[in-house]
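Just below is one structure, and these are the notes that go with it.
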Amino acid sequence: MSKSNEAQVGSARVKRGMAEMLKGGVIMDVVNVEQAKIAEDAGAVAVMALERVPADIRAQGGVSRMSDPDMIEKIQAAVSIPVMAKVRIGHFAEAQILQTLNVDYIDESEVLTPADYEHHIDKWNFTIPFVCGATNLGEALRRISEGAAMIRSKGEAGTGDVSNATTHMRKIGGEIRRLSSMREDELYVAAKELQAPYALVKEVAETGKLPVVLFTAGGIATPADAAMMMQLGADGVFIGSGIFKSGDAAKRAAACVKATTYYSDAKIVAEASRGLGEAMVGINVADIPVPHRLAERGW
Amino acid sequence: MNVGVLALQGDFREHLLALGECGVSGKLVKTAAEIAQVDALVIPGGESTTIYKLAKAFDLFELISKRIADGMPTYGSCAGMILVSKSIVDPASGQETFGGIDMQVRRNAFGRQTESFEVDLDFKGITGKQFRGVFIRAPWVESYGAGVEVLASVEIAGGTHPVAVSSGKVLATAFHPELTGDNRVHRFFIEELCKK
């Protein structure tokens, strides 16, 4: 018999383990109860509750912040799958609020306007696990050293243009493969160049993977996008604007779930790609002036 | 012996590793043809609604249900426990289960992620030190029938809830041995359920 007063909450294993359970799945951005239910019915492993999807944040401009707690709680009440929510980079008070709401994961996200241009949140201080974006291995390891329990490639959110997600996934994978091929005495300089803690660099070199789950995000809009990201080594997929900015959201959502599971079976991905209606229109990342690119936020 | 790990969604690779450490070469399975060939099946942790919907969409649901009913040794952890139950207390709309153990389970019984925890457990049939149970948005067994053996329980807020049970050739745990590096539960499954 075990007693609950011996139970340990908020351990690294419990936080990282939560992300392990999401692997092979799709996490969808939703802005209301109706969308959350569509996502759950389509087989999403979790939803990200936010007031505006990245495509609208981009279109409308202005400062973008944590969502209204009422809105998040309505979504929590409507679905049984995990509910995540976003805070601004460095905004630990927003994170404290989300912890009181019992969301299942906090995304310290470059999609919102950063609150601190020097420091990210000290994520070890929270019982709730955090996911953070990264464009390369050094950035991923800095976030992990701050306590992130899950990493996602940043991509370029709200564009429907998968090219940056591809770049970031290839970059992170390539840098991990490079570390794995190094002599042990070369890892000190590698840590210096990656601007990441030596202990984490050594761990990655030995295991050949990040110590936490690696999802992909930013610009994924089709089943084929999801299948490509999974083949590039993603453990799972975030889809933000790609689903609810398209013609038939329910059908597209279910199709992306299927393509994420059967990513290596092109026949199934082809079947899932049929008759989905209009995809989100999208913006080429190259057409966005550099200061407006969200992936540049965070360091 | 050919042990399959259902690889629709969740931490199936961790289960595969744990089986490997027990000297069993497992296989990830996600098609009807693959599932038809295995002698035993592990259903991993993950989202039970997602695994259910994918099993339904790809015509695996009836096949897996039938194979379990026909006596295929099966082990489910967390989402897997939900899927081998007879029924769910508060299911997502339309959610069904494969069946296998005469029990009703409660999803997310301990609460949301902030309530996820780890604790040392006495596990009947496992010798040596206590087993570290890692519970992540875990279910518990709400009620069970006569043929079900309780292997481990957790006491919380005055109530005692079974978190590891077996019945015939089917084993279920609300926690995740595959995340601990301790493969004694997998070994128990292989030695006590698959080989007997």
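In what follows, every chain begins at residue 1, and chains take the letters A, B, ... in the order their sequences are listed. It should be emphasised that the depicted structure is a prediction, and the values quoted were computed from it without experimental measurement.
- Checked against the 6.0 Å centroid criterion, the rings of B:F110 and B:F117 qualify as a close aromatic pair.
- In this structure, B:F58 has its ring center under 6.0 Å from that of A:Y262.
- Proximity to chain B (any heavy atom under 4.5 Å) is shown, for A:D41, by both the backbone and the side chain.
- In this structure, the separation between CZ on B:R112 and CG on A:D104 is 5.5 Å, given to the nearest 0.5 Å.
- Residues B:F188 and B:F123 bring their aromatic ring centres within 6.0 Å.
- Residues of residues 70-77 of chain A lying under 4.5 angstrom from chain B, judged on non-hydrogen atoms, are A:Q76 in numerical order.
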Please test B:Q9 against A:T261 for side chain to side chain donor-acceptor pair (under 3.5 Å), starting from the C-alpha separation and ending with a verdict.
CA-CA 7 Å; B:Q9 190 272 319; A:T261 291; over 6 Å; no

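- Heavy-atom distances place no part of B:S48 under 4.5 Å from chain A, backbone and side chain included.
- Contact count against chain B (heavy-atom pairs under 4.5 Å) is highest for A:N102 among A:L22, A:N102, A:T127.
- Proximity to chain A is limited to the side chain of B:A57, based on heavy atoms less than 4.5 angstrom apart.
- Comparing A:R13, A:E20, A:M18 by how many heavy-atom pairs each has under 4.5 Å with chain B, the most go to A:R13.
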Please step through salt bridge (Lys or Arg N to Asp or Glu O under 4.0 Å) for the pair B:E62 and B:K56, ending with a clear verdict.
CA-CA 8 Å; B:E62 276 72 27; B:K56 219 40 186 173; 3.4 Å; yes

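- Contact residues of residues 68-78 of chain B toward chain A are absent (heavy-atom distance under 4.5 Å).
- Looking at B:T49, only its side chain comes within 4.5 Å of chain A, counting heavy atoms on both sides.
- Atom CD1 of residue A:I128 and atom CD1 of residue A:I106 lie 5.0 Å apart, to the nearest 0.5 angstrom.
- Only the backbone of B:A7 comes within contact range of chain A, judged by heavy atoms closer than 4.5 Å.
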Would you please test A:D107 and A:K86 for salt bridge (Lys or Arg N to Asp or Glu O under 4.0 Å) and show each step?
CA-CA 5 Å; A:D107 184 358; A:K86 288 181 192 288; 2.9 Å; yes

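- Scanning for salt bridge (charged side-chain N to carboxylate O under 4.0 Å, His left out) contacts around B:K195 gives B:E191, with sequence neighbours left out.
- Contact annotation for A:A44: only backbone heavy atoms (N, CA, C, O) come within less than 4.5 Å of a heavy atom of chain B.
- Put simply, of B:R13, B:E115, B:H176, B:Q95, the one with the most heavy-atom pairs under 4.5 Å next to chain A is B:H176.
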Applying salt bridge (Lys or Arg N to Asp or Glu O under 4.0 Å), run through B:E142 and B:R107 and close with a yes or a no.
CA-CA 10 Å; B:E142 187 85 4; B:R107 300 166 65 212; over 6 Å; no

Could you walk me through whether A:R143 and A:E146 satisfy the salt bridge (Lys or Arg N to Asp or Glu O under 4.0 Å) test, starting with their C-alpha distance in whole Å, then the side-chain angles of each, then the deciding distance to 0.1 Å, before giving a yes or no?
CA-CA 5 Å; A:R143 295 297 85 77; A:E146 295 156 2; 2.8 Å; yes

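- Under 3.5 Å, the side chains of B:Y52 and B:E96 contain a donor-acceptor pair of N or O atoms.
- Note that SG of A:C256 is 3.5 Å distant from CD1 of A:I239, once rounded to the nearest 0.5 Å.
- In terms of heavy-atom pairs under 4.5 Å with chain A, the best-connected choice from B:L54, B:T31, B:N108 is B:L54.
- With sequence neighbours left out, A:D248 forms a side chain to side chain contact (heavy atoms under 4.5 Å, CB included) with A:A250, A:K251.
- Here the OG-CD distance, from A:S264 to A:Q231, works out to 6.5 Å after rounding to the nearest 0.5 Å.
- When heavy atoms are compared at a cutoff of 4.5 Å, A:A46 does not approach chain B at all.
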